[in-house]
Each structure stands twice: as structure tokens, then as C-alpha cells.
Asker: 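Let me begin by handing over the structure; questions about it come next.
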2 protein chains.
Amino acid sequence: MEKQTVTIYDVAREAGVSMATVSRVVNGNPNVKPSTRKKVFAVIDELNYRPNAVARGLASKKTTTVGVLIPDVTNLYYSALARGIDDIATMYKYNIILANSDENEQKEVKVLNTLLAKQVDGVIYMGTKITDELRDEFERSRTPVVLAGTVDPQKELASVNIDYGKALKQSVDLLVKNGNKNIAFVYKSDEENVNDALRLAAYREALEENGLTYNEDYVIQEANSYKNGQAVYDRLANLDATAAVFSDDELAVGFLNVAINNGLKVPEDFEIVTSNNSKLAKLSRPELSTVVQPLYDIGAVAMRLLTKLMNKEDDISDKHVVLPYHIDNKGTTK
Amino acid sequence: MEKQTVTIYDVAREAGVSMATVSRVVNGNPNVKPSTRKKVFAVIDELNYRPNAVARGLASKKTTTVGVLIPDVTNLYYSALARGIDDIATMYKYNIILANSDENEQKEVKVLNTLLAKQVDGVIYMGTKITDELRDEFERSRTPVVLAGTVDPQKELASVNIDYGKALKQSVDLLVKNGNKNIAFVYKSDEENVNDALRLAAYREALEENGLTYNEDYVIQEANSYKNGQAVYDRLANLDATAAVFSDDELAVGFLNVAINNGLKVPEDFEIVTSNNSKLAKLSRPELSTVVQPLYDIGAVAMRLLTKLMNKEDDISDKHVVLPYHIDNKGTTK
DNA sequence: CTGAAAGCGCTAACAA
DNA sequence: TTGTTAGCGCTTTCAG
């Protein structure tokens, strides 16, 4: 025999009250006489009643779930954000539908559409670039959106970030202060990455402010994979660079390991600053000097901001949150 | 003006057909005349109609979403599984609600209940131990469940794993073959971890089969954190151990780094084998010798198995999948 | 091949 | 404080 699902109606009948009253009890509505509330709870317990969130969602037009677009959960940068998002979501009684997008535009649009079809109350986007198509979808659906760890150049969408450009500039400044003249900038080969575009611009600016000339040979793009450390090393070995700033920790560790294998002394012969302070930065030997981003907080604040948007709170001071960071001078800088 | 949502009814009216027909078209039911199908699609396009999955879920009692319980997304072991899960889920048109449990029993039960309230079609559980309370919930809800990377000692619940005990035994065998007599076993301090219990038993057995005596001083429990590498080192330094098997990569890297800082030569003076082959194993220097688990596949196969269960397919050959593994003799073994 | 109609389980006015 | 009654938007028999 198929197990019969217990509905609000069963509880009402059994408790001798109306559905509405049961609904009130379940939803914590104070307008219920304590004695009937007690009785209802007893029946709920007895029947093992569990409210059907789908039915509730249809009736109330709220699902208490938010969609989260993430490039890749196995990426330590994004998983740290995701953790912050989920914790705050849980705190506010939301669940998250997590979907990997691989930074693929087609996939992002497709996933967003199924999230919207599922009537999520809000969306958190992590990625490299908001395409126009995505932006259009965001606008058409009246669903609140917050970007986490992702900059919107058009300043339209709510977002939580650090000042990536400024952080990179300071990284370069540090390397210049340490006496380096030839400083490379290494980033993922994804040309559409807005954060990296900001970093690249800042890199150039920082060089010029320090009286150094920008040379595009020193700008290196590689696929974001540990393996590519070798490729980066080969490129750098042909230059007379003495330092490099990496936008990606995994790439930085990959390079570091290869460099050391090749007898390069870090930081004596070569200095490195990386940008994300993911777990990897701590695990490498020597420990990577890095921009310390508040990764968990970026996610957490983004989710908090989203709750405000979903609640239509109007005291939202700023939709473009910029969190603080600092540079940690560890083992790969003098 | 609040944007009006377009419903199936609007499409029906506009296309001059009934809701039922629109529903058939949307769901790919073949019993629709091509010409009317075409017309309906045209209207859908024109009106920008998007089926409401919540309503659909209520009517059909299927949500095409599965719940995923994960201890912590930022843990590379679990995030690798999660990635496999999501990819296969996407392939079969499911979405995943991901919830971090921190291996906390209370939280697991609570989360499971909200997942069930949301009418997920299935659940994937990752964790350290199925408590009785959790098992009861699984049974009462008639929702299919698959354990990923988690052993059910009672062999009731469907699961996907490797043979953790056998892998550990082989690790010990390798270390013995390399001449080590005093081999430690280091694992997370969580006493409830079933996988580690299997490993511990196998550790003991392996020693005995190799004619070595088991000594509990060589069994070390530490919280699973990179920082604890120092604590592990201090404990091991007081023993005359020449090798250790770690159940956790992060702990292994932590120890390795501390050991090297203290002038220990690895693998000459001390050999290490770790168990998960997470990204970390590749990034450490020297590279960790490790049991190579097919992490992504464990997740992927678990999700595939779950789809079969949700479909009530009865040709499920085995609910307890055991995937192959091998040991990779890298830089921390001779 | 198509339509009518009865729910799915719950919320939210509106009355009382 | 409680009950009545419409829906929410869709699927799914059952007829035809």
C-alpha cells in the first residue's frame, strides 16, 4: 500500500478546527488561542504532518529558495564564497539551488532559466562576466539578483566585492618597493573576466606610476589549471622578470612548484604575490604572499544583501558593497 | 505596475486551444497535431511564457530537484563529489539543493526535513555516519536516498564508495615493503566516521598480517585542519615512527610541511601515504603518495544510481557500488 | 487529436 | 479568535 501523505486537511479534521487555523498554527500566526494551538500541535505530531513547501510556494508565491550560479564548486575561491552564502541563507531560512556554470554563457542562461522556472526568490551570481543576454534575463524576471565576487562594470546590479584593481596596484607597489623592475602579470586566459580586466588595467597604471614601462610581453595568459604552471614558467624564463603578480592562486602554486624544481630561489631570486588567499596560498611552500580577500564574507554579505532585496527593504544603503582587504607579506616576497 | 505573470491559460486563450493542449505541447506529448503544436509554440514565444515549475510540481508530485547533504563545500574531497553529482543531475534534468551539514547530526536531521518538505525527488547524503534518527527519517519518507563516499555498515541504504579498508591495507603493505616497521595511522578526531573506522580496522589487520604488532600509541586523532599538522608532528616526533598513513589530505599536507620545516627528509627519513587524492595531494612538495579515489565518479555514479531509484527502475543490479582505485607512488614514498 | 474538469496542498482575504 | 472560500498554475484522467 502506498503511503498516504498527510495534508493540512487531515490535521484540521482530526483536531476539529479549520484548515485556516492549522495554517495559522504552522506559520506561527499569533492570532490563535493557546489551547487550540496546543491541540493542533498535538495532532501534527501524532499524524507526523509535514507542510508541503511546494503547495505553500504556489499559494504564497514564495519558495524560500535562492538560485546560486557558480563557475565550479571545486574551485576553492568560489567554494569559499558558496559556504558564506549557504550559511547566511540557512540563517534566514532559505535553501540554495547550486548550479555549476563552467563560466559558459550558454549554460548560464539555460541554468538561470530553469532557476527562474522554479520560482526562486532570488539569485546570486558568481562568474566572470555578465553577458547582455544574462542581463536581459535578470531584468525581465523581476527576481532580485546579487553578484558575489563579480563586478558589474555598468553598476546596475547589486554586488559584493573588494577593490580588485586597488589590491593589484598595491601588490605591484610592494614588488617595486622590494626592488623589482621587471614585474609580470599572470592571469587566466579567459578574456572576458571583468575582475581580471580591472587587475590588468591597475597593473599597467601601477607600473607607470612607479616610473616603469608597460610591456605586454610581461602579461601572461594561461588556462587556470595547476598544470599550466610549467607553461608559465617557460614563458617567464625567457624574460628577465624578477617578480610576478598572479590573479589566480592555483596558477601561482603551479608556477611556484615548477620554479623551485628548476632551482629558482623564492623569494630571493623571484617574488610572487597572488590574489585570492584561497586555502592553497597557505599550503604552498613557501607560503604565498597574497591579497587577503574576505572570501567567506563576500558570500555572506551578498546573501544578506539579497535577503534585503527579496524583502523589498528600502533602507538599503548601498547596492554595491566593497569589502576591505589587505596584503599579507608571507613567504614569496622579501 | 506589477508585471503580470503569463500562465498556461493565457497561452491557451491566445492560441485558441485548451490548457490541456498547451500542457501537452510544453511536455513534448506526441499526441498533438503538428500545426497546432506550431501555433502554440509561436504564442509561447510571443508571450514569453515560462512554465511555473512549482505549480507543475504540485500537480505532478515531481519537483525534478534532489537534495544534497554535504559536510562542507570548501572541503576538496566533498566538493569533487558534489561536482560529479551536479553534472549528472544536470544531464538528467535535475537541480540540486545543496546544504552544508558540518557533520552535525542535529543539523543533518533539520536540513533533511526541510528538503523533504520541499518535496525533493531524492537525496544524496555525504557524511561520516548515518545516525539512527537520520535512518528513520530516510525510511519514513519514501524518498530514494543514495550515500556518496559514505559507507552504510548495515548495508541498507544504496551507496557508492571504494573499498576504504582494502585501500588502507595496501597503503600499509607498501610502507612495510619499503622497510618501515613503525607505521602510524593518522585520522580526523571524529570518532563516528565510518570510513575511518574501516580504515583503522584495516590498519590493525595489515600490521598483524605483516607480523608487526599493533600499538595504539601510533594511532593519532586530530581535528581535520591544516593547522593541526604541527600537533601531529609533535606527537609523531616522540615516537620512533618512520612512516604514516593519513586518512585526510589536508592533515597530511599540514604534517608534511611542518616535518620539512623541522628538517625531516621526506621520503628518505619519513614516508607518507594519504587517502583521498584531492587537489592538495598534487600541490604539495613533494607530491603526496596517495590512494587515488575516483572522486568525481563517486558523485556521478551516486547521482546516476539515484535517477534509477527515482524512476523505480527495477533492473538495478546492485545498490552498493564499489568503485576501483589504485595507489599512486609519488614523492612521499621511496 | 483535443477539451472539460477535477484536483495537487496550501495561503490569504473576507466574514463572522 | 476562527471558519469559508477562492484561487495559485499546472497535470491528468476521462470523454469525445
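In what follows, chains are A, B, ... by sequence order, proteins preceding strands, each numbered from 1. Fair warning: this is a prediction, and the values are worked out from it, not measured in the lab.
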Asker: With sequence neighbours excluded, what pairs up with B:E46 under the salt bridge (charged side-chain N to carboxylate O under 4.0 Å, His left out) test?
Answerer: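 Expected list: none.
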Asker: Which is the 5'-most and which the 3'-most nucleotide of DNA chain D that has an atom under 4.0 Å from a heavy atom of chain A?
Answerer: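 Footprint of chain A along DNA chain D, 5' to 3': D:dT1 to D:dG9.
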Asker: Could you list by number each residue of residues 28-36 of chain A showing a heavy-atom separation from DNA chain D of less than 4.0 Å, or answer none if no residue does?
Answerer: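 Nucleic-acid contacts, sorted: A:N31, A:V32, A:K33, A:T36.
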Asker: With sequence neighbours left out, what residues match B:E103 under salt bridge (charged side-chain N to carboxylate O under 4.0 Å, His left out)?
Answerer: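 B:E103 satisfies salt bridge (charged side-chain N to carboxylate O under 4.0 Å, His left out) with B:K188 once adjacent residues are dropped.
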Asker: Counting primed atoms plus P, OP1 and OP2 as sugar-phosphate and everything else as base, spell out the protein contacts along nucleotides 4-16 of chain C at 4.0 Å heavy-atom distance: B, S or - for each nucleotide, 5' to 3'.
Answerer: B--BBBBBBB---
Asker: Which residues pass the salt bridge (charged side-chain N to carboxylate O under 4.0 Å, His left out) test with A:R135, sequence neighbours left out?
Answerer: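 Expected list: A:D152, A:E156.
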Asker: Applying side-chain hydrogen bond (donor to acceptor under 3.5 Å, both in side chains), name anything that partners A:R50, two or more places apart in sequence or on another chain.
Answerer: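 B:N113, B:E137.
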Asker: Which angle, rounded to 10°, do you find between the first-five-pair axis and the last-five-pair axis of the helix from C:dC1-D:dG16 to C:dA16-D:dT1?
Answerer: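 Axis angle across the helix from C:dC1-D:dG16 to C:dA16-D:dT1, nearest 10°: 30°.
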Asker: In chain order, what residues pass the side chain to side chain contact (heavy atoms under 4.5 Å, CB included) check against B:S60, with sequence neighbours excluded?
Answerer: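 B:S60 satisfies side chain to side chain contact (heavy atoms under 4.5 Å, CB included) with B:K62 once adjacent residues are dropped.
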Asker: Kindly list each side-chain donor-acceptor pair under 3.5 angstrom involving residues 32-45 of chain A, sequence neighbours excluded, with atom names and distances?
Answerer:
{"unit_1": "A:T36", "atom_1": "OG1", "unit_2": "A:K33", "atom_2": "O", "d": "3.0"}
{"unit_1": "A:R37", "atom_1": "NH2", "unit_2": "A:V32", "atom_2": "O", "d": "3.3"}
{"unit_1": "A:K39", "atom_1": "NZ", "unit_2": "A:A15", "atom_2": "O", "d": "3.4"}

Asker: Mind checking what makes side-chain hydrogen bond (donor to acceptor under 3.5 Å, both in side chains) contact with B:D87, not counting sequence neighbours?
Answerer: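 In terms of side-chain hydrogen bond (donor to acceptor under 3.5 Å, both in side chains), with neighbours along the sequence ignored, B:D87 is linked to B:R83, B:Y296.
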Asker: Identify, with sequence neighbours excluded, every residue that meets salt bridge (charged side-chain N to carboxylate O under 4.0 Å, His left out) alongside B:K61.
Answerer: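 Result, salt bridge (charged side-chain N to carboxylate O under 4.0 Å, His left out) vs B:K61: none returned.
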